[in-house]
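Written out below as structure tokens is the structure these notes cover.
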Amino acid sequence: MVDYCAFGWILAAVLGLAIALSFFVSPRRNRRGGADSTPRSEGVRSSSTTNGECRSVDCDADVIIVGAGVAGSALAHTLGKDGRLVHVIERDLTEPDRIVGELLQPGGYLKLIELGLQDCVEEIDAQKVYGYALFKDGKNTQLSYPLEKFQSDVSGRSFHNGRFIQRMREKAASLPNVRLEQGTVTSLLEEKGTIKGVQYKSKNGEEKTAHAPLTIVCDGCFSNLRRSLCKPMVDVPSCFVGLVLENCQLPFANHGHVVLGDPSPILFYPISSTEIRCLVDVPGQKVPSISNGEMEKYLKTIVAPQVPPQIHDAFIAAIDKGNIRTMPNRSMPAAPQPTPGALLMGDAFNMRHPLTGGGMTVALSDIVVLRNLLKPLKDLNDAPTLCKYLESFYTLRKPVASTINTLAGALYKVFCASPDQARKEMRQACFDYLSLGGIFSNGPVSLLSGLNPRPLSLVLHFFAVAIYGVGRLLLPFPSQQTKQNKTPSIHIFL
């Protein structure tokens, strides 16, 4: 007998996805009707420039960039190479040590090539990544990136995040018109609704100001300036617990590994020739305590039994070594408030669940869009004209960003375990469908990797999968439990 409740649930979910995507792709009008005339009290101070114009003799640069992470460093090099005078202010110029931002999808690597930054993944022991391996209940399937049409060098790259960022910073600072300074930006300078620059503390604590016709805020997921330029709606669906496994081999070389564990996914991927990054997803905002031993117990009793046997011993050794780190996973839709003289980019502007490793790809794609928009503008001092150009940035970025963001959120929900029977069946069917290989896996992997970031393609694939799921409803496949109970088992898939 067909479960019509589950059938309706599938169609409602797919329809909801289609409606959501149509919203993401359609141009969004400026909700405030143009220049921002609403006074902001948080993170913004009044500027004393004359006549509301930042004249070239008064400006320290053409562009001020707040933050020198992946987005800020790549942007500084890109705009500097185009002849702009760029002033980058970064809170800490020492090498970052993070447990995320370590996997660059092939689509992101193509953007890196387009920006002339592909050599930044060299000399850092970066590893080529050719796809994924999925594991569930003792079974596994290999999903390769469809790279046949690209040059042999094109693939994903995984690495130590800090090494990659330092290479990007060095590349940007090598340009004579890019100034990289360590300092903490405390506020944006505003006059008559236009951002004129920033106020910051230098490395030695001296209060300073810097002026430019365009200020771009790229200060990351912990941004203290984003509230001045948007209305953030940050969600924290889960946290990552990070470990480094040493001197072991993954079951599938040069592939990211995703274990569909309980309660949520476990990730493994190489970050050097001798190190494997493990990220254990823990749903919610609270993780077991590291200090009192709860985390060690959780990892050994709940997570370890689900780890592929080839790396089980290395996983236990990493726990015993004790270098366990945690980080909340943030999701934040892009909700810009177009403001003359300023722009948000990177994680300060838009975040998605890091399960699919799409953050750097979105950031680099955004930089390509912005570079192409600004190229015709020889003078950035015309604030109204510049604002119109920047407003179109929010529309032009949507096809890539909305595809990667939507897929990241959808896959995380599908890959998490649930006591709900419909979601259990959906999770199993997802694994089975991708295991079919060929066109059944190439399409979703192309979207995931940023090689085919087209919203329409995403919608079509979801509908195709829905049809597949409906077929499984109408033609139930008996499972072992079905044979024992002699009642049909309903499988659903979205």
* Structure fact -> One should read off an interatomic distance between Ile124 CD1 and Asp119 CG, to the nearest 0.5 angstrom, of 10.5 Å
* Asked: What is the distance from atom CG of Leu451 to atom CG of Leu147, rounded to the nearest 0.5 Å?
  -> 6.0 Å
* Applying side-chain contact (heavy atoms from CB on, under 4.5 Å) between Pro328 and each of Val236, Val234, Val282, Val287, report the one that passes. => Val236
Side chain to side chain, [X] and [Y], heavy atoms closer than 4.5 Å:
X	Y	result
Leu188	Leu229	yes
Leu374	Asp82	no
Val70	Met168	yes
Leu434	Cys430	yes
Gln166	Pro96	yes
Leu117	Leu112	yes
Pro237	Lys413	no

* Between Arg179 and Asp60, is there a side-chain N and carboxylate O pair less than 4.0 Å apart? -> no
* Output yes when Lys111 and Glu114 qualify as a salt bridge under the 4.0 Å nitrogen-oxygen rule, no when they do not. => yes
* Asked: Where does the angle between the aromatic ring planes of His353 and Tyr412 fall among parallel (under 30°), tilted (30 to 60°) and perpendicular (over 60°)?
  -> parallel
* Should the ring pair Phe393 and Phe349 be called parallel, tilted or perpendicular, given that the plane angle runs from 0 to 90° and is split at 30 and 60? -> tilted
* **Residue list, salt bridge (Lys or Arg N to Asp or Glu O under 4.0 Å) with Lys128, at least two apart or on another chain** => Asp153
Heavy-atom pair of closest approach, residues [X] and [Y]:
X	Y	value
Leu103	Met360	O-CE, 3.3 Å
Ser392	Leu373	OG-CD2, 3.3 Å
Met351	Cys221	SD-CB, 3.4 Å
Tyr132	His255	N-CD2, 3.5 Å

* **Backbone of Glu122 reached by a side-chain donor or acceptor of Arg157 within 3.5 Å** => no
* Between Ile216 and Leu370, is a side-chain contact (heavy atoms from CB on, under 4.5 Å) present by the stated rule, with each step listed? -> CA-CA 11 Å; Ile216 303 177; Leu370 183 63; 3.8 Å; yes
* May I ask you to check whether over 12 heavy atoms, not counting those of Arg91, lie within 6.0 Å of atom CZ? => no
